[in-house]
> 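Encoded as structure tokens, here's the structure I'll be asking about.
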Amino acid sequence: MKLVSVQLGGVDWVGVYRDDDSIVLFENSSLTMLNLIELGSGLRTLCDETLRNAGPADSIDPERITWRPPIRRPGKICGVAMNNSASNARKISAPDHPAFFLKPSSCLAAHGQPIRLRPWYGSVHPEPELAVIIGRLTR
């Protein structure tokens, strides 16, 4: 099961990516990815039911949509720098323990969307990140 967050016709939607490379949107456009995560084990049931009830006309070609980040405005984005293999010339300092940092939600880019670099950003380098969405309150 692959969940998607997209925009179609100027409206944000969440849906399911099908095995035939099409997308089926959930009927309710006010549904968000966080709502889906909060369903817990009910999510599988909702997805199965949505796919079962979808007819050929309900399949959306991915070429028609604009991809969005899975969660558009997350409460927090926390990162941990543990294995930074950047050259020493680019490192400010290399701590001997993991360094935690925060990122603004404006830093999110969706699948296939451009990453905009501004001249005033200074030195930048590619740095792939792994994202984990935690659907429960944690401390």
Side-chain angles (χ1 to χ4, degrees):
M1 168 178 49
K2 295 179 185 176
L3 300 174
V4 298
S5 182
V6 301
Q7 187 178 74
L8 178 67
V11 179
D12 288 336
W13 297 87
V14 289
V16 182
Y17 197 88
R18 297 174 100 169
D19 292 336
D20 66 358
D21 292 333
S22 67
I23 296 170
V24 175
L25 303 176
F26 293 108
E27 290 182 11
N28 185 348
S29 66
S30 64
L31 192 62
T32 68
M33 194 66 73
L34 283 177
N35 298 139
L36 295 178
I37 292 168
E38 289 168 352
L39 287 175
S41 60
L43 175 58
R44 172 69 65 185
T45 303
L46 175 64
C47 290
D48 290 347
E49 182 179 305
T50 299
L51 292 173
R52 187 173 41 256
N53 295 332
D58 297 317
S59 293
I60 309 285
D61 182 346
E63 296 295 320
R64 293 183 46 212
I65 56 98
T66 301
W67 293 100
R68 297 291 191 203
I71 297 179
R72 297 287 308 277
R73 293 172 194 87
K76 296 173 204 64
I77 302 175
C78 304
V80 59
M82 276 180 18
N83 60 347
N84 191 339
S85 62
S87 68
N88 285 333
R90 290 195 320 240
K91 289 181 183 177
I92 295 172
S93 65
D96 57 358
H97 59 279
F100 293 90
F101 58 92
L102 298 175
K103 299 291 275 183
S105 60
S106 61
C107 76
L108 298 176
H111 169 73
Q113 299 300 312
I115 297 172
R116 293 180 173 86
L117 302 177
R118 309 287 191 230
W120 55 87
Y121 290 175
S123 175
V124 296
H125 62 277
E127 204 173 284
E129 302 291 346
L130 170 67
V132 177
I133 298 170
I134 301 172
R136 298 181 184 187
L137 294 177
T138 60
R139 289 189 275 189

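Below, all heavy atoms of this structure are taken into account, side chains as well, without hydrogens, waters or symmetry copies.
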> Could you work out, with side chain to side chain contact (heavy atoms under 4.5 Å, CB included) as the rule, every residue matching L39, not counting sequence neighbours?
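Side chain to side chain contact (heavy atoms under 4.5 Å, CB included) list for L39, sorted by chain: L36, L43, L46.
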> For I65 and V4, run side chain to side chain contact (heavy atoms under 4.5 Å, CB included): C-alpha distance rounded to whole Å, both residues' side-chain angles, the deciding distance at 0.1 Å, then the answer.
CA-CA 11 Å; I65 56 98; V4 298; over 6 Å; no
> Measuring only between side-chain heavy atoms, which start at C-beta, is F26 closer than 4.5 Å to V16?
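A side-chain contact under 4.5 Å exists here.
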> Please list all pairs meeting side chain to side chain donor-acceptor pair (under 3.5 Å) that have one or both residues in residues 62-81, counting only residues at least two apart or in different chains.
Q7-R68, D12-R72
> Below 4.5 Å, heavy atoms only, C-beta onward: do P62 and V6 meet side chain to side chain?
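They are not in side-chain contact.
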> Show every side chain to side chain donor-acceptor pair (under 3.5 Å) that has at least one partner inside residues 25-37, sequence neighbours left out.
N28-S30, T32-N35
> Does one hydrophobic cluster hold both V11 and V14, with members joined at side-chain heavy-atom distances below 4.5 Å?
no
> For residues 41-60, pull every pair meeting side chain to side chain donor-acceptor pair (under 3.5 Å), keeping only residues two or more places apart or in separate chains.
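Found R18-S59.
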> Count I, L, V, M, F, W, Y as connected when their side-chain heavy atoms are under 4.5 Å apart, and connections chain through other members. Are W13 and Y17 then in the same cluster?
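Yes; tracing contacts between hydrophobic side chains, which count when under 4.5 Å, links both residues.
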> Within this structure, what is the CG-CD1 distance for the pair L25 and I60, rounded to the nearest 0.5 Å?
5.0 Å
> Starting from I37, can I reach I77 by hopping between I/L/V/M/F/W/Y residues whose side chains sit under 4.5 Å apart?
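In one cluster with I77: I37, no.
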> Within the side chain of S5, is there an N or O that forms a donor-acceptor pair under 3.5 Å with the backbone of I71?
no
> Side-chain heavy atoms nearer than 4.5 Å, only ILVMFWY residues, links allowed to pass through others: does that put L51 and I23 together?
no
> Are V24 and L31 joined in one hydrophobic group, where the rule is that I, L, V, M, F, W and Y side chains link up if heavy atoms are under 4.5 Å apart?
yes
> Give every donor-acceptor pair under 3.5 Å between a side-chain atom in residues 99-109 and any protein atom, sequence neighbours left out.
none

> Could you give all pairs that pass the salt bridge (charged side-chain N to carboxylate O under 4.0 Å, His left out) test and reach residues 108-126, with sequence neighbours left out?
none
